[in-house]
Amino acid sequence: QAQVVESGGGSVQPGESLTLSCAGSGGLNLDGYAVGWFRQAPGKEREGVSCLSSIDSVTYTANSVKGRFTISRDNAKNMVYLQMNSLKSEDTAVYYCNVIFLLSTYWGQGTQVTVSS
């Protein structure tokens, strides 16, 4: 079935980096569709992190991650990435990939990122 799957989460110390990956499968193409990364910290609402339009313009970046996180695509691999640098404790959350594909919204299962010393 059409789906997206996140990977690349883990536990790191403040100041370190991680790159998250989002893969489209089951006929779900990421090339040519709007995609985004969202996150949800314990006890908080899900929030947008960074979004990329169907023509690869960055349409949103949360102020809290601006200058540290970068969203990008690799169309040959049908994947979307979130490069996260200079991670902080407040970045700890479950990170979700989202795509609007054929008038439907698809969410991945999430990948945990934990930043602690």
Side-chain angles (χ1 to χ4, degrees):
Q1 295 183 11
Q3 63 178 359
V4 292
V5 180
E6 305 95 336
S7 62
S11 182
V12 298
Q13 295 183 343
E16 295 183 344
S17 299
L18 282 174
T19 299
L20 305 183
S21 299
C22 173
S25 65
L28 199 162
N29 296 316
L30 301 179
D31 183 9
Y33 296 90
V35 297
W37 286 96
F38 297 75
R39 68 185 183 186
Q40 187 167 19
K44 295 186 177 181
E45 298 288 330
R46 186 174 298 186
E47 64 176 347
V49 176
S50 189
C51 299
L52 197 64
S53 79
S54 60
I55 57 172
D56 285 347
S57 61
V58 178
T59 56
Y60 178 79
T61 303
N63 288 333
S64 59
V65 307
K66 195 169 296 183
R68 299 189 296 119
F69 291 10
T70 303
I71 187 171
S72 63
R73 297 182 194 262
D74 185 339
N75 290 329
K77 297 182 181 296
N78 200 30
M79 298 185 76
V80 175
Y81 304 99
L82 183 68
Q83 182 180 338
M84 306 185 296
N85 298 325
S86 302
L87 284 161
K88 305 175 180 179
S89 296
E90 51 263 42
D91 295 319
T92 295
V94 178
Y95 284 72
Y96 298 90
C97 180
N98 169 267
V99 59
I100 301 174
F101 178 69
L102 299 178
L103 304 182
S104 297
T105 300
Y106 292 83
W107 292 93
Q109 81 291 339
T111 185
Q112 176 72 48
V113 173
T114 302
V115 186
S116 62
S117 58

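Please read these numbers as outputs of a predicted model, since none were measured by experiment.
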Measure the CG-CG distance between N75 and N29 for me, rounded to the nearest 0.5 Å.
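Spacing of CG (N75) from CG (N29) equals 9.5 Å.
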If I take atom CD from residue E90 and atom NZ from residue K44, how far apart are they, to the nearest 0.5 angstrom?
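Here the rounded value is 8.5 Å.
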Looking only at non-hydrogen atoms, find the nearest pair between R73 and S54 and report the distance.
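That closest heavy-atom pairing would be NH2-CA, 3.9 Å.
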Please find the pair of heavy atoms, one from S117 and one from P14, that lie closest to each other, and give the distance.
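S117 and P14 have their closest heavy atoms at N-CD, 3.8 Å.
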With the 4.5 Å side-chain cut-off for hydrophobic clustering, are [X] and [Y] part of the same group?
X	Y	answer
Y33	W37	yes
Y81	Y95	no
Y96	V49	no
F69	V80	yes
L52	V65	yes

Note, S57 side chain near T59 side chain (heavy atom, < 4.5 Å):
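A side-chain contact under 4.5 Å exists here.
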Side chains of T70 and L82 in contact at under 4.5 Å (non-hydrogen atoms)
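With C-beta onward as the side chain, the pair stays apart.
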When you measure from the side chain of [X] to the backbone of [Y], do you find a donor-acceptor pair of N or O atoms at a distance under 3.5 Å?
X	Y	answer
S53	I55	yes
T92	V115	yes
N98	Y106	yes
S50	Y60	yes

I want to know whether W107 and F38 have ring centres closer than 6.0 Å.
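W107 vs F38: aromatic centres under 6.0 Å.
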N/O donor-acceptor pairs under 3.5 Å from side chains in residues 17-25, not counting sequence neighbours:
from: S17; atom 1: OG; to: N85; atom 2: OD1; distance (Å): 3.0

Ignoring hydrogens and angles, write down the donor-acceptor pairs under 3.5 Å from the side chains of residues 6-13, residues two or more places apart or on other chains.
from: E6; atom 1: OE1; to: Q109; atom 2: N; distance (Å): 3.0
from: E6; atom 1: OE1; to: Q109; atom 2: NE2; distance (Å): 3.4
from: E6; atom 1: OE1; to: G110; atom 2: N; distance (Å): 2.9
from: E6; atom 1: OE2; to: C97; atom 2: N; distance (Å): 2.6
from: E6; atom 1: OE2; to: G110; atom 2: N; distance (Å): 3.4

Checking side-chain contact (heavy atoms from CB on, under 4.5 Å) for the pair L102/S104: CA distance, chi angles, key distance, verdict?
CA-CA 6 Å; L102 299 178; S104 297; 5.8 Å; no
Among D56, I100, V4, V99, find the residue that satisfies the side-chain contact (heavy atoms from CB on, under 4.5 Å) test when tested with V35.
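So the option named by the test is V99.
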Test side chain to side chain donor-acceptor pair (under 3.5 Å) applied to S64 and R39, K88, E47, the passing residue:
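With S64 as partner, side chain to side chain donor-acceptor pair (under 3.5 Å) holds for just one option, R39.
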